[in-house]
Amino acid sequence: MASEPLYHRYVALGDSFTEGVGDPDKRRPNGLRGWADRVAEVLATKSDDFGYANLAVRGRLLKPVIAEQLEPALRLSPDLVTIYAGGNDILRPKVDLDLLGELYDAAIGRLAVCGGRVVMFTGYDLGYAPVFGKLRGRVAIYNEIVREIADTHGATLVDFWRFREFRDDRYWDTDRLHLSSYGHKQMAIHVLDTLGISHDLKKPRLPKAEPPSKKQKRDADLQWAKEFAVPWVQRRINGTSSGDSVKPKRPTLERI
């Protein structure tokens, strides 16, 4: 039986998905944990000289992710890189998916030639979601682009599109856009399994949830619109981002 891979320098790139938004932990940088931290914690148990950096910043579009994070990542000489970018682009009213693919392909190509393992993600299937479900076609096209890029450069693919358990609302934060702590833990399991890393993480035990009444659902929708949807639209109008004042939480390789 082949031995599992061993990593010494793990660098995570991307946006809020990788920064860990939705999985709060006041003890950690930026007050967040997230699936990448959880993966790094397991990897750290395998190597005495393990280092982990997380350059992801919430709200970043694909182009800024590449412009701000690619070179710093390459300077760290990682033997493992995870990257997810493009989700925020898909949420915009207009997006050129072909151009997005060209930029992504060039970035993955640069990471791949460095010799480390590169891990990419497909976007989640939003078909079941009342609001974001309208973007399902965009996500599907984006995913085909991602699959082709991964095939071209020999990248490992974590196929989020096919993880049907995430249709359970308890895996998502109250903003309905980011993973909850349960979701981040489940994603860490998927990433580790895809990498072929042994671990003792268990599927989250979800709290019991009763189906909401029509009034409860209506009230929740109104509250969501007030707290999350309206501010999101306002930021688009103003040309601002939730990550404008945010710095990468782990800019250098450190033991976690």
Side-chain angles (χ1 to χ4, degrees), residues 11-19 21 36 55-74 78 80-164 166 176-179 187 190-191 194 229 232-233 235-244 248:
V11 180
L13 312 179
D15 53 29
S16 56
F17 173 72
T18 303
E19 187 188 355
V21 173
L55 309 181
V57 176
R58 70 198 73 171
R60 290 296 191 267
L61 301 172
L62 184 141
K63 190 172 182 179
V65 166
I66 294 170
E68 299 169 10
Q69 300 175 28
L70 182 60
E71 291 298 334
L74 291 171
L80 175 65
V81 174
T82 59
I83 179 169
Y84 174 69
N88 289 312
D89 298 78
I90 291 172
L91 292 173
R92 294 301 191 269
K94 294 182 179 180
V95 59
D96 186 336
L97 291 172
D98 291 320
L99 176 58
L100 212 66
E102 291 174 8
L103 295 172
Y104 213 176
D105 179 70
I108 298 301
R110 292 197 61 196
L111 290 168
V113 297
C114 293
R117 188 171 188 178
V118 179
V119 178
M120 303 177 69
F121 297 77
T122 54
Y124 186 60
D125 183 356
L126 297 169
Y128 80 102
V131 176
F132 298 114
K134 296 178 180 179
L135 300 173
R136 191 186 195 195
R138 276 191 186 182
V139 178
I141 295 170
Y142 164 85
N143 285 349
E144 284 305 301
I145 293 172
V146 167
R147 294 180 197 280
E148 183 174 4
I149 293 171
D151 288 344
T152 298
H153 299 289
T156 298
L157 190 66
V158 177
D159 205 350
F160 195 7
W161 176 268
R162 297 180 179 178
F163 299 161
R164 295 304 187 215
F166 283 91
R176 306 180 183 179
L177 186 61
H178 299 102
L179 297 178
M187 183 57 64
H190 279 299
V191 173
T194 301
W232 186 89
V233 171
R235 288 196 297 271
R236 300 291 76 74
I237 294 173
N238 296 336
T240 59
S241 167
S242 59
D244 282 347

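All values reported here derive from a predicted model rather than from experimental measurement.
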Checklist entry - Hey, is the main chain of Ile90 close enough, under 3.5 Å, to the side chain of Arg138 for a donor-acceptor pair? => result yes
Checklist entry - Are any side-chain N or O atoms of Thr18 and backbone N or O atoms of Ala56, one a donor and one an acceptor, separated by less than 3.5 Å? => result no
Item to check | Test log, rule side-chain contact (heavy atoms from CB on, under 4.5 Å), inputs Phe132 and Val139 | outcome: CA-CA 10 Å; Phe132 298 114; Val139 178; over 6 Å; no
Checklist entry - Within a strict 4.5 Å, meaning less than it, do heavy atoms of the Asp159 and His190 side chains meet? => result no
Checklist outcome for this item: Interatomic distance, CG@Leu97 vs CD1@Ile141, rounded to 0.5 Å, equals 6.0 Å
Next on the checklist: Test: salt bridge (charged side-chain N to carboxylate O under 4.0 Å, His left out). Region: residues 111-131. Which pairs qualify, not counting sequence neighbours?
Outcome noted: Asp125-Arg136, Asp125-Arg164, Asp125-Arg167
Checklist entry - Say you draw a straight line from OG1 of Thr122 to CD of Glu144; how long is it, rounded to the nearest 0.5 Å? => result 10.0 Å
Checklist entry - Under a 4.5 Å cut-off applied to non-hydrogen side-chain atoms, are Thr82 and Phe121 in contact? => result yes
Item to check | Close side-chain approach of Leu179 and Phe17, heavy atoms under 4.5 Å | outcome: yes
Checklist entry - Do Val119 and Leu80 come close enough that some side-chain heavy atom pair is under 4.5 Å? => result yes
Checklist entry - Between the main-chain N or O of Gly123 and the side-chain N or O of Asn143, is there a donor-acceptor pair closer than 3.5 Å? => result yes
Item to check | Any side-chain heavy-atom pair of Ile145 and Leu100 under 4.5 Å | outcome: no
Checklist entry - With sequence neighbours left out, what residues match Phe166 under ring-ring contact (aromatic ring centres under 6.0 Å, His included)? => result Phe160, Tyr171
Next on the checklist: Nearest 0.5 angstrom please: Lys63 NZ to Asn88 CG, how far?
Outcome noted: 16.0 Å
Checklist entry - Residues two or more places apart in sequence or in another chain: which of them pass ring-ring contact (aromatic ring centres under 6.0 Å, His included) with His153? => result none
Next on the checklist: With ring-ring contact (aromatic ring centres under 6.0 Å, His included) as the rule and sequence neighbours excluded, what pairs involving residues 91-119 come up?
Outcome noted: none
Next on the checklist: Do Gln69 and Ile83 make a side-chain contact, defined as non-hydrogen atoms from C-beta onward lying under 4.5 Å apart?
Outcome noted: no
Item to check | By side-chain contact (heavy atoms from CB on, under 4.5 Å) - contacts of Leu74 (at least two apart) | outcome: Leu70, Glu71, Arg110, Leu111, Cys114
Checklist entry - Nearest heavy-atom pair of Pro78 and Ala73: which atoms, and what distance? => result CD-O, 3.2 Å
Checklist entry - Taking all non-hydrogen atoms of both residues, which atom of Tyr142 and which atom of Gly86 are closest, and how far apart? => result CE1-CA, 4.2 Å
Checklist outcome for this item: Looking only at heavy atoms, the pair that brings Thr194 and Leu157 closest together is CG2-O, 3.8 Å
Checklist entry - Residues two or more places apart in sequence or in another chain: which of them pass salt bridge (charged side-chain N to carboxylate O under 4.0 Å, His left out) with Asp89? => result none
Checklist entry - So do the side chains of Leu177 and Leu91 get within less than 4.5 Å of each other, counting heavy atoms only? => result yes
